[in-house]
Protein chains: 2
Amino acid sequence: MIGGVEARHLRYAIALAEHQHFGRAAASLGIAQPPLSAQIAAVEREVGQRLFDRTPRGVFPTAAGTAFLNRARRALDEISAASVEAGRAARGETGLLRMGFIGSALLDPLPGVLGRFRGSRPDVRLDLREMSSPEAAAALVAGDLDVAVGRGNPRGAGAERLVTVPIGADHLIAVVATSHPFAGRAEITFEQLAAERLIMSAPDQEPAVAAHLRSVFAADTTALEAATTSRDVHTIIGLAACDVGVGLGPARMRLITRGDVWFCDVTPHFRLPDLQLSFRADDTSPVLAAFLDVVRANCRDVGSRLDEVLALHARRSAVPGTTPG
Amino acid sequence: MIGGVEARHLRYAIALAEHQHFGRAAASLGIAQPPLSAQIAAVEREVGQRLFDRTPRGVFPTAAGTAFLNRARRALDEISAASVEAGRAARGETGLLRMGFIGSALLDPLPGVLGRFRGSRPDVRLDLREMSSPEAAAALVAGDLDVAVGRGNPRGAGAERLVTVPIGADHLIAVVATSHPFAGRAEITFEQLAAERLIMSAPDQEPAVAAHLRSVFAADTTALEAATTSRDVHTIIGLAACDVGVGLGPARMRLITRGDVWFCDVTPHFRLPDLQLSFRADDTSPVLAAFLDVVRANCRDVGSRLDEVLALHARRSAVPGTTPG
DNA sequence: CGCCGATCATACGTAGAAAGTATCGCGGTG
DNA sequence: CACCGCGATACTTTCTACGTATGATCGGCG
């Protein structure tokens, strides 16, 4: 019959040690004195040691009692902390959010979203990993990520278990070195691009973008085939600055300010695949819910689909018992 | 109705998280499934959060449940540690022993006693302070010490509340520089001493010794009055080495080996006040009891009074309930 | 598509434990 | 020596955790 020590025993022992008097301790606990005597006797029987010295001048803990009480206080602290932490976790105030994202998302939607999220949930640990959209989708279905920000709708095994919503549209622009003939121009055409050496994201890294581009250059894909590829926008811009070629990327590239490159629109404006946010449809994590709230407040540009989906994911965490207050 | 979370609830929640199945968890707890359901529901009501997701594929903790379980495990660890630590404290295996002692005790009885005590009770914190016998007695009655090792029976307010037992006898010897005429002699007489400049412990530091010496030199105390005084044996020996005079001290001084001094007996052998060990008569500390056990085993030289007193102080820490085993 | 098995929740009676009331025993005190 | 404060004990009452029986729900399978 091991482990019969209950939290009540600890609370009673602590009250007794505080008041050094059975009667007053019992009163402070809202019970009568005899039950307190009985419960203290029960703990002492459980522990196998006398925990209090009953003297005519008061009740004092023995050496064993002192050691016991130290641990008892810590145990009760842990128990109350357990309830508090459970509440915080349920409200999404603590926990972990693992996010995979493509580099270009770091330029526009993520700084605002993550900043506000960190502000409202400072105790949520963020695990941020830059990766390609297919990698992120795979990690999401595998349970290695909680949210993914990428381009294109996730494909592959388990993709149907993901919810994906658009969080940002943009279009294709070009970036060139200031020494390039395009420098200074507000816009260039696709025909002019076809004659240039191109720098773009790798097709296997961002298949949605590559497929999109291929459809634009349908007439002559030789420029695309010969393109230098890279896995992140900073590298594309850096290579363009070296005049390796003409960089192609999302309009949010303009947010990167450096003196050795020139950005110009490509006409006609060609809309890139939307930036999408994905998460598992069956994920009920409150941290995710809190994050989606922030996303909803910050990314209402693309479509009402966001609100619709996120409203659908309103937490069903009702508790059967009495609602406090 | 706050704080209704009981240790049982924690144990049940942890078992449920382990088995991910109400029926098996209940079986592992030795109860039926419905009570487990009821108890889990009770915790969830107490905490105000749903802690487990009941899915067709098993029972899994929610985010709140995970946070709760982490704390719950720690709380249970503290509770079981409380019992263990109480037992250890009751057996005197943990705790604190504050000891005051005179420097000369550090030469003979303390190294053996403290060494064996540390060996048998490695987790007891020792607080050792060198001080004069009267200081130690006062600190003892004030509750600032647990044991005192000194010479002479404690006097002063509260001394009657102390138990004092002899733990070592010795006699007076002299120590001189190797350049002193006494060097090389096996023994000298009190008459010879009377003509020398003396070095001895300060009368206000060790009144028992001083009174003893005064009775010996009753015929002529001028040498005593003119004596250089010091509060510890090492200084007496050091001063003797400088040929400041003839040092007087306990025979256990011989345990200090240094080449520049010579020890010689003083005839007739004059027995010094016994080394005494004192503690509060009402002190029921198991650490003290354990220490007294070691003392009893190591200091059976002086008298049977030690055994007698310590047997009287056999712990009355019986526990009313069932004795384990 | 409907039946069956598994699983958890609900209902209800029971037993045990904790709380309440009354009283006793023990020390210290005037 | 009688009194009083305090904790322990005796006994009753109340509450609650447990057990048995049963219901509701969801997948799986024929």
Side-chain angles (χ1 to χ4, degrees), chain A residues 1-46 50-62 65 161 282 284 316-322, chain B residues 1-46 50-62 65 161 281-282 284 316 318-322:
Chain A
M1 190 71 71
I2 204 168
V5 178
E6 284 297 330
R8 171 174 23 82
H9 295 138
L10 308 185
R11 288 186 267 265
Y12 287 9
I14 288 171
L16 179 56
E18 253 176 45
H19 292 86
Q20 304 183 338
H21 186 285
F22 273 81
R24 284 189 287 276
S28 83
L29 290 166
I31 64 173
Q33 171 260 316
L36 178 58
S37 288
Q39 291 302 308
I40 294 295
V43 208
E44 290 179 328
R45 186 172 43 77
E46 283 286 346
R50 196 151 197 88
L51 300 179
F52 291 94
D53 264 340
R54 287 80 158 168
T55 79
R57 287 174 311 284
V59 180
F60 304 100
T62 61
R161 304 188 55 198
D282 63 353
T284 63
R316 58 280 203 181
S317 58
V319 173
T322 55
Chain B
M1 190 71 72
I2 204 167
V5 178
E6 285 297 330
R8 172 175 22 84
H9 294 138
L10 309 185
R11 288 186 267 266
Y12 286 10
I14 288 171
L16 179 56
E18 251 175 47
H19 292 87
Q20 305 183 337
H21 186 284
F22 274 82
R24 285 189 286 276
S28 82
L29 291 166
I31 64 173
Q33 169 261 316
L36 178 58
S37 288
Q39 292 301 309
I40 295 295
V43 209
E44 291 179 330
R45 186 171 44 77
E46 283 285 348
R50 197 152 197 88
L51 300 179
F52 291 94
D53 263 340
R54 286 80 157 166
T55 78
R57 288 174 311 285
V59 180
F60 305 99
T62 62
R161 305 187 55 198
D282 64 352
T284 62
R316 59 280 201 180
V319 173
T322 55

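We name chains A, B, ... by the order of the sequence lines, and we start the count at 1 in each one.
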Novice: Heavy atoms, side chains only, cut-off 4.5 Å: are His9(A) and Leu51(A) in contact?
Specialist: no
Novice: Between Gln33(B) and Ala26(B), is there a donor-acceptor pair closer than 3.5 Å when you use the side chain of the first and the backbone of the second?
Specialist: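 No.
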Novice: Side chain of Pro34(A) only, heavy atoms from C-beta on: which candidate in dC26(D), dA22(C), dT20(D) is closest?
Specialist: dA22(C)
Novice: Can you see if the side chain of Ser37(B) gets near the phosphate of dA9(C) - specifically, an N or O under 4.0 Å from OP1 or OP2?
Specialist: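 Ser37(B) to dA9(C) OP1/OP2: side-chain N or O found under 4.0 Å.
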Novice: Among dC18(D), dA9(C), dA19(C), which is the nearest nucleotide to the side chain of Arg8(B)?
Specialist: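 The nucleotide sitting nearest to the side chain is dC18(D).
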Novice: So do the side chains of Tyr12(B) and Ile31(B) get within less than 4.5 Å of each other, counting heavy atoms only?
Specialist: yes
Novice: Quick check for you: among dC18(D), dA19(C), dA8(D), whose closest atom lies nearest to any side-chain atom of Arg54(A)?
Specialist: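 Nearest nucleotide to the side chain: dA8(D).
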Novice: Any side-chain heavy-atom pair from Thr62(B) and Glu44(B) closer than 4.5 angstrom?
Specialist: no
Novice: Quick check for you: among dC18(D), dA19(C), dA9(C), whose closest atom lies nearest to any side-chain atom of Ile31(A)?
Specialist: dA19(C)
Novice: Select from Leu36(A) and Arg57(A) the residue whose nearest nucleotide in DNA chain C is closer to the 5' end of that strand.
Specialist: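 So the residue in question is Leu36(A).
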Novice: I need the CZ-C1' distance between Arg24(B) and dC8(C), as an integer number of Å.
Specialist: 13 Å
Novice: Expressed in angstrom and rounded to an integer, what is the separation of Gln20(A) atom CD from dG7(D) atom C1'?
Specialist: 15 Å
Novice: When you measure from the side-chain N and O atoms of His9(B) to the phosphate of dA17(D), is any distance below 4.0 Å, counting only OP1 and OP2?
Specialist: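 False: His9(B) side-chain N/O out of range (4.0 Å or more) of dA17(D) OP1/OP2.
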Novice: Rounded to the nearest Å, what distance is computed from the CD1 atom of residue Ile40(A) to the C1' atom of nucleotide dA19(C)?
Specialist: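 Distance check: Ile40(A) CD1 to dA19(C) C1' gives 15 Å.
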Novice: Regarding Gly58(A), tell me which of base, sugar-phosphate or nothing describes its non-hydrogen contacts under 4.0 Å with the strands shown.
Specialist: nothing
Novice: Choosing from dA19(C), dC18(D), dC26(D), which nucleotide comes nearest the side chain of Pro56(B)?
Specialist: dC26(D)
Novice: When all nucleic acid strands are considered with a 4.0 Å heavy-atom cut-off, which category describes Tyr12(B): base, sugar-phosphate, or nothing?
Specialist: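 Since only primed, P, OP1 and OP2 atoms lie under 4.0 Å of Tyr12(B), the category is sugar-phosphate.
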Novice: Send over the distance from Asp53(A) CG to dC26(C) C1', rounded to a whole Å.
Specialist: 16 Å
Novice: Quick one: Arg11(A) CZ to dA18(C) P, roughly how many Å, whole number?
Specialist: 13 Å
Novice: Can you identify which nucleotide, out of dA19(C), dC8(C), dT21(C), has its nearest atom closest to the Ala32(A) side chain?
Specialist: dT21(C)
Novice: Can you measure Gln39(A) atom CD to dT9(D) atom P for me and round it to whole angstrom units?
Specialist: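 Those two atoms, CD and P, are 14 Å apart.
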Novice: Select base, sugar-phosphate, or nothing to describe what Gln33(B) touches, counting heavy atoms under 4.0 Å on all strands.
Specialist: base
Novice: Does a salt bridge link Arg11(B) with Glu6(A), judged by any charged N lying under 4.0 Å from a carboxylate O?
Specialist: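 Salt bridge: yes.
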